[in-house]
Number of protein chains: 2
Amino acid sequence: MRRNPERRQALIDAAIEVLAKEGARGLTFRAVDAEAAVPPGTASNYFANRDDLFTQVGGRIYERLLPDDATIARSREGVPDQTRYAELMHEVVGRVSAFNSGYLALLELRLESTRRPELRAVLTERIREDIDANIGHHAASGLPGDSTSVLLLYLALNWLIMERLTLPDIFTEQQMHELVDAAVERSLNTRP
Amino acid sequence: MRRNPERRQALIDAAIEVLAKEGARGLTFRAVDAEAAVPPGTASNYFANRDDLFTQVGGRIYERLLPDDATIARSREGVPDQTRYAELMHEVVGRVSAFNSGYLALLELRLESTRRPELRAVLTERIREDIDANIGHHAASGLPGDSTSVLLLYLALNWLIMERLTLPDIFTEQQMHELVDAAVERSLNTRP
DNA sequence: AACGTAGTACTACAGACGGAGTGGTGTCAA
DNA sequence: TTGACACCACTCCGTCTGTAGTACTACGTT
């Protein structure tokens, strides 16, 4: 088990690409080696077995999907109102669906987690953290809408991205844009 | 290419189970043969190649996820109000997540459709039909809420089922129940 | 009722591919 | 000199597709 962190990260990034391109079953040591353009056998030195590979990718992939520091900083600027919030959500949807392979890989991992308890445990933890962070962030912003609003938004936007990435002809760009706006609007403007 | 429709259907059903259990890459002729408990080589006689197998499964799986006639009949009874509508949505979520392997198989197919244009075409058509039917059905019911409401509900419920099937520990049963209610409520009670 | 034919179920096999794992070699740094 | 690491070669194993060939069954014909 090798310890070179840069190389390990590069291998994990390669694994994400492989997941998106070939699916979960296609994620093998050989495929990762090829994708990362390292000599065959390298990945085998960094991960004990395929299970370990899945788990490590599951642990890191969420970090790659989160906004970078610059984006976070920008998100804290300005007055938090509905327009601002909608902009943010567009940013999230845009960023996540731009990192195409990352989200597809996450979907593959979710399905694979049906068969791998360790992977499921890792993903559950990461995603719960993310959801809690979103709820907390929203509460701190002082905008209307309770945690249920945030969750409904979370649900809708996730499937919207899913739809865009897997069956892009179902909705037009225009429709998707409107759906994001509508989701934000209805999330914030709740009836008593 | 054999023509026995019952046997073909049985093989497709077996393929759905295989998809859910083993993932898209695990869907092979041999695996289908084994799942359907028929001699090896049988599936190979019913589908020209793997691509054909995927496409045929994609064409049928949606039928297995739709409500049966009895459920449709019941759904037309009673006065259409919000309570009734919520019941219906609970029925949908319950039915679809009860047919566990069917929905998982559909998710696998969606991901696989990234790599198979024919499959993508089939799925796109089926899903668009379903969405249009839902919008039409809702419009005919006379309940408040426009097509955007229906779409947002569609998005949220789909991801909710996804969450329940792949990472069941993210939300409690209680939470999921509340989310369905909240989604219906907010979908119907829109602000001008 | 016997027969023939077509469609289908089943079996077996050939050929090929790809992946896991392992042991070994060269190299660089402490 | 020793240890960690990148890199490479090789073997074993499992599995997949496609096809050829045989056995069965149902049905129509005479």
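Here is the naming used below: chain letters follow the sequence lines, and residue numbers restart at 1 for every chain.
- With D/dC7, D/dT17, C/dA20 as the choices, the nucleotide that has an atom nearest any side-chain atom of A/Phe29 turns out to be C/dA20.
- OP1 or OP2 of C/dA9 sits under 4.0 Å from a side-chain N or O of B/Tyr46.
- Under the 4.0 Å criterion applied to side-chain N and carboxylate O atoms, B/Glu112 and B/Arg25 are not assigned as salt-bridge partners.
- In this entry the distance linking CD of B/Glu22 with P of D/dT15 reads 11 Å, nearest Å.
- Atom P of nucleotide D/dT17 and atom CG of B/Leu27 are separated by 9 Å, given to the nearest angstrom.
- Taking the side chain of A/Asn4 as heavy atoms from C-beta on, and the options D/dG18, D/dA6, D/dT17, the nearest nucleotide is D/dA6.
- Nearest nucleotide to the A/Asn45 side chain, out of C/dG21, D/dT17, D/dC7: D/dC7.
- Using cut-offs of 30° and 60° on the angle between ring planes, the pair B/Phe171 and A/Tyr154 is perpendicular.
- Between the side chain of B/Arg30 and the base of D/dT17, a donor-acceptor pair under 3.5 Å is found.
- Toward the 5′ end of DNA chain C lies the nearest nucleotide of A/Gly26, the other residue of the pair A/Ser44 and A/Gly26 mapping further downstream.
- A salt bridge does not link B/Arg74 to B/Glu91: none of the charged side-chain nitrogens sits closer than 4.0 Å to a carboxylate oxygen.
- Rounded to whole angstrom, the span from the CG atom of B/Asp33 across to the C1' atom of D/dT15 amounts to 13 Å.
- Contact check on A/Glu63 versus A/Arg126 returns a salt bridge, with a Lys/Arg side-chain nitrogen under 4.0 Å from an Asp/Glu carboxylate oxygen.
- Between B/Arg25 atom CZ and D/dT17 atom P there is a gap of 11 Å when expressed in whole angstrom units.
- Classification of A/Asp169 and B/Arg128 as a salt-bridged pair fails, no side-chain N sitting under 4.0 Å from a carboxylate O.
- Rounded to an integer number of Å, the gap from CZ of B/Phe47 to C1' of D/dG18 is 16 Å.
- Taking only distance into account, the side chain of A/Arg2 meets the base of D/dA6 through a donor-acceptor pair shorter than 3.5 Å.
- For the pair B/Thr28 and D/dC16, the criterion of a side-chain N or O lying under 4.0 Å from OP1 or OP2 is met.
- Residue B/Arg7 places at least one side-chain N or O closer than 4.0 Å to OP1 or OP2 of C/dA9.
- Distance, B/Leu53 CG to D/dT17 C1': 13 Å, rounded to whole Å.
- In this structure, A/Arg50 atom CZ and C/dA20 atom P are separated by 6 Å, rounded to whole Å.
- The separation between B/Asp52 atom CG and D/dG18 atom P is 11 Å, rounded to whole Å.
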